[in-house]
Every structure is written in structure tokens, then in C-alpha cells.
Amino acid sequence: MKTQIFIAALFFSGLVAAQKKDSLKVNSIEAVNIKKQVFKKQGDRLVYDVAASPIAKGTNTFNLLKQTPMISSIDGKTLKILGKSDAIIYINNKKTNMDSEALIEMLKSTPSEDIQKIEVITVPGSEFQVESKEGVINIVMKKNKNNGYNGTMKMQNEQGYYNNPNAGGSFNFRQGKWSGNSNFRMGSWTERQKYTLSNGDPTFRNESYGSNDDPNKNFGGGFNIDYEISKKQSLGLSYNMRYNKSFNSVLDMTNWQNGQLSNRTVNHEDAQTRNHSFNLNYEIKTDSIGSKLTSNVSYLWFNRDKVSFNESFPLNNDKNNKYSALHQSVPQIINNYAANIDYLKKTSKGATWLMGISYNHTNTDNDTRQDVLQNGGFVPDSKQTNHFIYKENILGIYLNYERKLSEKLSGKIGARYEMTRSTGDILGKTGFERNYNNLLPYLNLNYAINSDHNLSYTFSSRIRRPRFWELNPSRTYFTPDNYTQNNPFVLAAKFYNQELNYMYKNAFYANLSFNMVEDAAASDLLPLQGILTKPKRDENGNIIYNQQGNMIMEKTRFLRYIRTNYGKNREINLTLGMNKSWFNDIWTTNYSMNLSYNTFTGGVWQDPTSQLGPYETEELEPYIVDVKNYNMSVTINNIIRLSSKKDWFLGVNYFFGSKVAMEGGTIGSRQSFDLSLKKILGDWTVVAEVNDMFNQSFYRVEGIQPNGKYNNITNFNYPRLISIGVTYNFGNQKLKKAREMKSANDAVKSRT
């Protein structure tokens with residue numbers, strides 16, 4: 001509690017001090033107003049003009065985003081908009097055409113000098129292909145028309161539990177009507193995680209302790225070629241790929257029951273992921289004031305092969321506890337074909353119409369195979385062998401209208417209508433058909449009270465479709481009776497988002513949002529506990545009978561982590577923040593505080609993934625969801641210029657997140673203290689960083705049910721990282737980038 005009080009005092013003292021300074025120095029304010037505004041509210045978005053900011057020198061786009069108001073990153077691998085589920089990255093209003101890991105590497109290799117501004121859209125309009133309560137980060141690149149070429153080379157070495165080197169580069173060219181860019185990335189890293197699992201009730205308890213080593217090798221890249229047919233027409237082709245290899249990943253767990261050693265489970269896993277995507281784009285300008293027609297045809301191929309060998313060794317003399325083993329193969333192949341047409345119409349009176357239509361066809365093939373050890377050999381396990389084929393067709397139609405209603409008031413209204421037709425078949429077993437239509441309205445009103453005050457309101461409706469890998473009915477084992485289970489019967493959740501934003505002097509802001517979710521699915525796995533009753537079998541798999549000829553039945557406790565819908569979710573978020581420079585831009589601050597109140601109500605009374613064999617029954621303890629929770633998080637970012645030549649910079653950042661109660665339990669508090677030192681040497685930039693210096697940002701969850709059953713998880717992933725990176729920029733740095741193109745299958749990529 002003392003930590004939270006201290007953070008709140010620090011945050012609000014900066015706000016009060018700034019307001020006192022502004023109120024006492026009226027003439028100084030008038031002088032500042034002459035300067036270009038760095039941070040402002042514009043329509044449906046917050047605009048951070050980094051080209052006018054002192055921190056946008058000699059760094060990369062990822063570090064620049066971490067310093068942007070409303071955006072945070074505590075692991076160096078992901079970006080999040082405060083109060084939102086995820087941040088979707090757009091470049092020049094076009095969604096990026098790559099997977100998340102490749103995208104982060106691309107951002108880290110893009111020089112900050114190429115960025116004009118960053119737009120944070122907390123509630124995106126109907127034209128954006130987003131789901132649930134996702135926000136959009138739109139990166140607007142600088143535009144120059146010089147011919148020539150330029151590029152960037154970067155090498156980085158990261159030390160966590162293991163040493164992880166990586167390198168990458170990009171090359172851009174422009175000559176006459178041709179322009180293009182290409183990039184490549186390669187690296188290797190080994191992820192180390194330590195687990196502590198415990199579950200049970202007042203009369204029984206299970207405990208598991210162990211670790212996971214997951215080595216990875218990664219290679220990715222792509223290109224974008226753009227040809228200007230005429231001053232009004234352009235044709236473009238883009239390609240992106242990524243290959244990931246993770247061989248000899250080992251999960252080693254030691255298991256206890258009621259304080260006694262039970263068994264040891266070792267899981268060896270090999271996995272490969274391949275991802276290829278193509279997009280063909282055509283654009284024609286229809287008038288001189290900005291109207292244009294854009295069309296896209298896209299193809300995406302995703303293939304993940306995963307095989308594992310799971311062994312369980314008895315560690316006591318219990319005759320019922322025997323050696324067991326299983327082989328498992330879990331491949332997934334996704335083919336997606338997509339197309340869309342957008343027409344943007346601008347009128348002479350300043351209004352803008354946007355209308356479009358999109359179509360997506362996706363086919364996923366998941367041929368899961370599992371063999372169990374019987375009679376000294378492996379035989380197919382019919383219950384866990386599933387050939388699951390999922391097909392999905394989505395037709396979307398959207399329309400937006402935007403205009404300035406008066407000198408102070410502007411508005412944007414729109415709607416998106418989506419028709420979804422999907423089928424899922426577990427060949428030879430069961431299947432389902434799921435068809436639904438959704439009308440998704442959108443409204444934004446922005447009122448500029450005066451030069452110092454701005455107020456806006458936004459409403460949006462969205463759905464959240466399950467990710468394709470979540471639908472694949474496969475299992476990942478911790479122990480023979482403790483595993484995670486995907487669920488092909490998860491329904492799409494419906495989201496209703498509202499937001500009220502206030503900005504003062506283009507430096508201080510307050511953002512109040514309210515989100516409602518129907519048919520909510522857990523943001524993480526839900527732990528289901530129960531007892532499975534089944535016939536007892538001998539070493540050869542034969543049923544054992546007693547002297548009366550009756551089957552001998554045995555009971556086994558199980559714990560399954562599954563993905564499923566549970567009920568309703570309500571969430572209120574208040575974000576307070578400031579972005580301001582002090583002492584002639586020597587010290588730049590970006591502080592924000594997020595306060596949240598959540599309610600989760602519902603429950604799970606049956607396991608939709610249960611597959612019982614002959615004579616088997618199970619007793620599932622109902623999982624009740626009834627959570628009410630207050631929580632807070634604070635982000636404090638500081639950039640200090642250490643030299644008058646503007647070539648030395650010190651970064652001091654801190655993040656704190658309080659305990660958060662979720663559907664699956666209460667997540668423990670997290671915090672991260674980061675330091676960075678940057679030196680600019682002409683075209684060279686050297687950066688040394690320490691992320692999470694005190695190893696405080698790791699995952700802990702405690703869950704307890706009204707009946708006394710509990711489930712606790714600690715996943716320590718060694719979050720402290722020390723890295724040194726060297727970046728070299730060469731060529732004409734004023735070169736115009738190739739035209740960024742929107743891909744027709746953008747919405748599908750985020751679900752792979």
C-alpha cells in the first residue's frame with residue numbers, strides 16, 4: 001500500500017507543480033504556444049508529433065513508442081495501450097503485414113528519424129480491422145521525394161538466463177517511378193521458465209515443481225515493391241515470411257500428492273513454424289482533393305508442426321503409480337484467401353465518406369495424433385486423436401462519414417456489418433455449424449472548448465473471434481492428470497466500448513472508458529477440477545474384474561486448464577497522464593496512471609471438451625466466476641539529455657501494476673525498473689539497456705472457489721535482461737519510403 005501511495009504522490013505532485021508553474025508564468029505560456037505542438041487531441045486520436053520532440057533523435061521506433069503517451073512496454077517484446085487488451089500496429093493507416101515477433105524486430109530496426117508522428121486511437125473506427133477492445137497505434141512516416149537508397153544494419157546481444165544474439169537490416173530505394181524496401185532479421189534465443197503449481201482443497205493437495213528450456217532459432221524478412229503507373233495510379237506487391245525452429249524444448253516437472261513424492265514428468269518437444277504472406281495492391285486517385293479507390297488481393301499460408309514425447313516416472317512404491325508415456329503430434333495448417341475494395345470520397349465542403357467491402361475465406365487443418373504406451377508398445381489413443389477441420393467465411397461491409405460541424409465541433413459516424421459462416425468438423429466424431437451476423441456501429445464527437453481544453457466522446461461495438469490455435473482440440477501435458485486443453489466450441493464474444501477523453505494544454509489528459517462484454521471468454525485458461533471414474537486396467541491395458549465378475553473401478557483427480565465462455569464482463573478504466581518537457585527540453589517526462597474496476601460474473605458447469613470412454617464417468621466441480629476488483633498501474637518514463645551536443649541520453653523508466661483479479665484467479669503485483677544509456681556517433685548509435693533490473697515482472701496467480709478448491713500458479717521467466725545494441729544508418733536518410741499497402745487478410749493474421 002505504501003508503494004501505491006508513494007507512486008500516486010509522485011505522479012500528482014508533478015501535475016500540481018506544472019499547473020502552478022503555468023498559472024504563475026502567463027507570458028511563458030504565450031511563448032510556448034508559438035512552438036509546434038508536440039502532443040494534441042485530433043478527432044478520434046491522440047497525436048504525438050515526434051518530429052518536434054527532443055527525444056526522437058538517435059533511437060529506434062520501438063523505443064520511441066515506449067515513450068509515447070498512453071503506450072507502455074514492460075518486457076521489451078510487446079506494446080500495450082493503457083486500458084486496452086492489445087495494441088494493433090498500423091503504418092501510414094495500413095495494417096502491418098507480419099506476425100507480432102517480426103513486427104517488433106522491424107520496429108526496433110527502424111530509425112526514429114524516419115517518423116513524423118505517432119497516433120494513438122484508443123477506440124478505432126469502422127474502417128479498422130480490429131476486434132474486442134483493441135486499440136490502434138498508427139505510425140506516420142516522413143515523406144521526401146529524393147531518389148537514391150538508404151539502409152540500416154543492427155546487431156544486438158541480450159543476456160537473460162541464457163545469451164541471445166540477434167541481427168537485422170533494412171534496405172530502401174527510390175528511382176523515378178519505382179520504389180521499394182526490404183528487410184531481414186535473424187537470431188536465436190532460449191527461453192527459460194520456472195514453474196510452481198499447486199491445487200486441491202482442504203482435504204487433498206497436489207504440488208508440481210519444475211522448469212522449461214525452450215531454444216529458438218528465427219529467420220524472417222520481406223520486401224515491398226511499388227510502381228507509379230501514372231500520377232493517379234499505383235501498383236504494389238509485398239511479401240513477408242518468417243521461420244521459427246524450436247527443437248529439444250524440455251519441460252521437467254516433479255509432482256507431489258499430500259506431501260508425498262508421486263512421480264516425475266518429462267516432456268520433450270520439437271516445433272517448427274513457417275509463415276508466408278503475399279499482397280497485391282492497386283490504387284487510383286479519382287480527383288485532386290484526395291478521393292481514391294483502393295483494392296487488395298491477399299494470400300496467407302501458416303504451418304506449425306509440433307511433436308512431443310511425454311514420460312511419467314513413478315517416485316514411490318505405490319503399485320497404482322506406474323511408468324507411462326505418450327507420443328503426440330499437433331500440426332496446424334492455415335490457408336487464407338482475402339480481397340477488399342475501399343473508396344474514399346472527399347467533398348469540397350470538407351466532409352469525408354469512406355465505404356468498403358471485404359471478404360475472407362480461411363481453412364484450418366489440425367490433424368492431432370496421440371499414441372499411448374500399452375504392452376510395451378505405442379498404440380493410438382482414439383479419444384485424443386482428432387482430425388479437426390475448421391472453415392470460416394466472413395463478408396464485411398462498412399461505411400463512415402466524417403465532417404466538421406462547426407469551428408469547435410467535429411464528428412464521425414459509421415457502421416460495419418459482418419456476416420460470418422463457419423463449420424467445424426472432428427472427422428469421424430462430431431461437428432458443428434456456427435452462423436451469425438453482427439452490426440457494429442461507431443460514433444465519435446470532438447469538442448474543442450478553446451485552445452487549452454478539448455473534450456471527446458466515442459462509442460464502438462466489436463466482436464472477438466477465437467484464435468485459430470484456440471479452436472484446435474489438442475492437449476499439452478504438465479502431468480498425466482494436469483494439462484491444458486483447447487476448445488473448438490468457443491463462441492465469439494460481443495464487446496461494447498465507450499470512452500470520454502479530456503485534454504488540458506496539450507500536455508495533461510484524462511481518459512475514462514466503460515466496456516461491456518457478452519458471451520465473455522476467459523482472457524486466460526480456466527482451471528477445472530474433478531474426479532474421473534474409470535475401469536482399472538492391468539499393464540497390458542485389459543480391464544480387471546473382481547471375484548464376482550464386476551469391473552474394479554478407480555477414481556483419479558484431474559485438473560484441466562481450458563478455454564471457454566463463462567458469462568459477462570464489465571470494466572471501468574480511468575487513465576490520467578502528462579507528457580511534458582522541462583528545462584529547455586533537457587528532461588522529458590511521460591507519466592500515466594491507470595485506475596480500473598472490473599466485474600466478472602458467470603460460471604462453467606460442464607467441460608465441453610470432455611471425451612469419456614466406455615464405462616467412464618466424471619464429476620466436475622462447478623467453476624463459479626464472481627469477481628469484483630479494483631486495480632491500478634503506473635508508468636513513469638524519463639529521458640534526460642546529458643550533453644549540450646545532444647549525443648548522450650539517459651533513460652530511467654518504472655512500471656508498477658497492482659494485484660488484478662481475473663476469471664481464473666488473482667494475478668500478483670508486478671513492477672519493472674529499467675535503465676538505458678545511449679550514445680550517438682554520427683551514423684552510429686550505441687545503446688546499453690537493463691530491463692527489469694530487480695526481476696519483479698513475472699506471473700503469479702492465486703485462485704480459490706467458494707467450495708474451498710484452490711489453484712495457484714507461479715511462472716518465473718527470468719525477466720531481467722541486459723542488452724547492448726549497435727545500429728548503423730547508411731545512404732540518403734531523406735529518401736521517401738515505398739508506399740505502405742493495406743493487406744486484405746489483416747484481420748486473420750492477428751488470429752494465427
Side-chain angles (χ1 to χ4, degrees), residues 50-68 73 76-77 91 102-116 118 139 141-142 144 146-160 163-174 181-189 218-221 585-588 637-653 674-691 721-738:
V50 297
S53 171
I55 70 170
K57 307 294 181 184
T59 186
N60 61 60
T61 302
F62 184 84
N63 287 334
L64 199 60
L65 288 169
K66 291 198 299 182
Q67 298 295 328
T68 300
S73 175
K77 300 177 182 178
I91 297 178
L103 172 62
I104 294 300
E105 290 305 314
M106 184 272 289
L107 294 175
K108 289 182 177 180
S109 64
T110 302
S112 57
E113 287 84 358
D114 287 352
I115 310 303
Q116 177 65 42
I118 296 171
I139 303 169
M141 312 292 288
K142 291 180 180 177
N144 297 285
N146 298 19
N147 288 331
Y149 68 91
N150 66 25
T152 301
M153 300 293 293
K154 181 177 181 179
M155 295 178 292
Q156 185 178 31
N157 194 281
E158 185 179 85
Q159 182 66 50
N163 187 261
N164 304 312
N166 63 82
S170 63
F171 180 80
N172 311 295
F173 78 91
R174 184 174 182 85
N181 58 70
S182 62
N183 63 83
F184 73 92
R185 303 162 301 279
M186 63 178 64
S188 64
W189 74 92
N218 186 65
F219 176 80
D585 296 337
I586 292 177
W587 177 28
T588 301
N637 292 331
N638 302 273
I639 296 292
I640 303 170
R641 194 180 74 219
L642 300 178
S643 68
S644 59
K645 295 181 180 180
K646 301 181 180 180
D647 58 352
W648 281 98
F649 292 87
L650 173 67
V652 182
N653 302 329
D674 310 328
L675 289 175
S676 67
L677 185 64
K678 176 175 62 180
K679 170 63 175 175
I680 302 174
L681 298 165
D683 292 331
W684 295 84
T685 302
V686 181
V687 179
E689 297 177 290
V690 181
N691 293 308
L721 298 174
I722 303 173
S723 65
I724 297 179
V726 179
T727 303
Y728 173 62
N729 298 318
F730 62 88
N732 177 12
Q733 296 304 312
K734 293 184 178 181
L735 178 68
K736 181 180 179 180
K737 298 286 184 182

Are any of the side-chain heavy atoms of [X] and [Y] separated by less than 4.5 Å?
{"X": "D647", "Y": "K679", "answer": "yes"}
{"X": "Y149", "Y": "F730", "answer": "yes"}
{"X": "Q159", "Y": "I724", "answer": "no"}
{"X": "L675", "Y": "V652", "answer": "yes"}
{"X": "F649", "Y": "I639", "answer": "yes"}
{"X": "V687", "Y": "T727", "answer": "no"}
{"X": "L64", "Y": "I139", "answer": "no"}

Donor-acceptor under 3.5 Å (N637 side chain, K66 main chain) | yes
Taking atom [atom1] of [X] and atom [atom2] of [Y], what is their separation to the nearest 0.5 Å?
{"X": "I115", "Y": "L107", "atom1": "CD1", "atom2": "CG", "result": "8.5 Å"}
{"X": "K645", "Y": "I680", "atom1": "NZ", "atom2": "CD1", "result": "13.0 Å"}
{"X": "D683", "Y": "N729", "atom1": "CG", "atom2": "CG", "result": "6.5 Å"}
{"X": "N638", "Y": "N653", "atom1": "CG", "atom2": "CG", "result": "7.0 Å"}
{"X": "N150", "Y": "F171", "atom1": "CG", "atom2": "CZ", "result": "8.0 Å"}

Applying side-chain contact (heavy atoms from CB on, under 4.5 Å), run through T61 and I118 and close with a yes or a no.
-> CA-CA 10 Å; T61 302; I118 296 171; 5.7 Å; no
Stepwise side-chain contact (heavy atoms from CB on, under 4.5 Å) test for K678 and T685 = CA-CA 7 Å; K678 176 175 62 180; T685 302; 3.9 Å; yes
Over 12 non-hydrogen atoms of neighbours within 6.0 angstrom of CG in L681 = yes
With sequence neighbours left out, write down each residue that passes side chain to side chain contact (heavy atoms under 4.5 Å, CB included) with N157, or none if nothing qualifies.
-> N163, P165
Among L721, N691, I722, which residue meets the side chain to side chain contact (heavy atoms under 4.5 Å, CB included) test with E158?
-> L721
Please report the closest heavy-atom contact between [X] and [Y], naming both atoms and the distance.
{"X": "E689", "Y": "S676", "result": "CG-CB, 3.7 Å"}
{"X": "R641", "Y": "D585", "result": "NH1-O, 3.7 Å"}
{"X": "I640", "Y": "W587", "result": "CG1-CD1, 4.0 Å"}

